[in-house]
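Below is one structure, written out as structure tokens; the observations come after it.
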Amino acid sequence: QVQLVESGGGLVQAGGSLRLSCAANGSIFSINTMGWYRQAPGKQRDLVATMSNSGSTNYADVAKGRFAISRDNAKNTVYLQMNSLKPEDTAVYYCSADVTPFEFHGTMMRLTTPTLYWGQGIQVTVSS
């Protein structure tokens with residue numbers, strides 16, 4: 001089993017900063033892309049930023065210049081530093097990870113199907 005655990009959300013005033021963290025744990029052989037998405041009330045879930053295991057990044061236009069994604073591969077953790085926050089950044093933020101899990105059959109380790117996992121979501125509220 002693989003779980004993603006997010007932390008760092010909360011309430012902040014406009015112009016402030018927050019840093020989100022997401023740690024992946026469980027039977028993880030490798031992780032390719034990790035990322036952040038967000039969903040505002042009544043809207044679809046949208047990309048914020050992603051980072052591959054080699055460090056390539058992809059940002060949504062709303063995040064460019066204000067948000068920075070980073071990761072610690074040794075800790076299977078991805079971060080999202082959010083600066084100059086605006087009320088329109090208010091949303092539930094979800095972490096994602098493209099994981100290749102493993103399992104044991106007796107003493108033999110076997111890789112299982114790569115799967116996209118999601119965190120439970122964390123609320124970010126920006127007050128005006």
Side-chain angles (χ1 to χ4, degrees):
Q1 294 292 337
V2 175
Q3 294 179 328
L4 304 184
V5 180
E6 298 140 333
S7 60
L11 173 65
V12 65
Q13 288 188 332
S17 298
L18 281 175
R19 188 187 191 217
L20 305 182
S21 300
C22 171
N25 54 68
S27 301
I28 297 170
F29 177 78
S30 64
I31 304 178
N32 188 2
T33 299
M34 300 185 80
W36 292 95
Y37 292 73
R38 70 186 188 185
Q39 187 168 16
K43 296 188 177 181
Q44 66 182 18
R45 188 175 299 186
D46 292 326
L47 167 75
V48 176
T50 62
M51 177 177 271
S52 72
N53 56 6
S54 63
S56 298
T57 58
N58 180 39
Y59 288 94
D61 288 343
V62 294
K64 291 178 181 178
R66 297 189 301 128
F67 295 179
I69 189 170
S70 61
R71 62 190 280 182
D72 184 335
N73 290 333
K75 296 180 179 180
N76 290 333
T77 299
V78 64
Y79 306 95
L80 185 69
Q81 177 66 43
M82 303 186 292
N83 300 322
S84 302
L85 283 161
K86 306 174 182 180
E88 50 264 44
D89 294 317
T90 295
V92 177
Y93 284 70
Y94 295 90
C95 169
S96 70
D98 185 10
V99 176
T100 299
F102 69 89
E103 60 186 13
F104 278 98
H105 292 263
T107 59
M108 182 173 294
M109 186 182 81
R110 187 179 75 178
L111 304 185
T112 58
T113 304
T115 303
L116 182 65
Y117 289 88
W118 293 92
Q120 78 282 2
I122 192 164
Q123 179 70 44
V124 171
T125 303
V126 184
S127 63
S128 58

Looking at side-chain heavy atoms only, is the closest gap between F29 and V99 below 4.5 Å? no
Over all atoms of both residues, closest heavy-atom pair of S17 and S84: OG-N, 4.4 Å
For S52 and S54, does a side-chain donor sit closer than 3.5 Å to a side-chain acceptor? yes
Give a yes or no on whether the backbone of M51 and the side-chain of R71 come within a donor-acceptor separation of less than 3.5 Å. yes
Over all heavy atoms of both residues, which pair between T100 and P114 is shortest? Give the atoms and the distance, please. OG1-CG, 3.7 Å
Can you tell me if E6 uses its side chain to pair, donor with acceptor, with the backbone of Q120 under 3.5 Å? yes
Distance-minimising heavy-atom pair for S96 and L116: CB-CD1, 4.1 Å
Could you go through the side-chain contact (heavy atoms from CB on, under 4.5 Å) check for N76 and N25 one step at a time? CA-CA 7 Å; N76 290 333; N25 54 68; over 6 Å; no
Are the side chain of Y37 and the backbone of W118 linked by a donor-acceptor contact shorter than 3.5 Å? no
Hey, what do you get for CG (L111) to OG (S27), rounding to the nearest 0.5 Å? 11.5 Å
ILVMFWY cluster, M34 and Y94 together (side-chain gap under 4.5 Å): no
Are Y117 and I122 linked, directly or through other ILVMFWY residues, by side chains that come within less than 4.5 angstrom of each other? yes
Might you point out which heavy atoms bring I69 and G35 nearest each other, and give the distance in Å? CD1-CA, 4.1 Å
Does one hydrophobic cluster hold both L4 and W36, with members joined at side-chain heavy-atom distances below 4.5 Å? yes
Heavy-atom closest pair, residues A14 and P87: CB-CD, 4.1 Å
Show every salt bridge (Lys or Arg N to Asp or Glu O under 4.0 Å) that has at least one partner inside residues 33-60, sequence neighbours left out. R38-D89
Qualifying disulfide bond (SG atoms under 2.5 Å apart) pairs with a residue from residues 7-114, counting only residues at least two apart or across chains: C22-C95
d(L85 CG, Q13 CD) to nearest 0.5 Å is 11.5 Å
In the single-linkage hydrophobic clustering (I, L, V, M, F, W, Y; side-chain heavy atoms under 4.5 Å), do L20 and Y59 co-cluster? yes
Pair I31-N53, side-chain contact (heavy atoms from CB on, under 4.5 Å): steps then yes or no: CA-CA 7 Å; I31 304 178; N53 56 6; over 6 Å; no
When hydrophobic residues are tied together by side-chain contacts of less than 4.5 Å, even through go-betweens, does V78 share a cluster with V2? yes
May I ask you to check whether over 12 heavy atoms, not counting those of F102, lie within 6.0 Å of atom CZ? yes
State, with a plain yes or no, whether a side-chain heavy atom of L47 is found less than 4.5 Å away from one of N58. yes
Rounded to the nearest 0.5 Å, how far apart are CG of L80 and OH of Y93? 7.5 Å
Exercise: identify the closest heavy-atom pair between G8 and L18: O-CD2, 3.8 Å
Within the distance-only criterion (no hydrogens, no angle test), does the side chain of T125 pair as donor or acceptor with the backbone N or O of T90 below 3.5 angstrom? no
d(M82 CE, R19 CZ) to nearest 0.5 Å is 11.5 Å
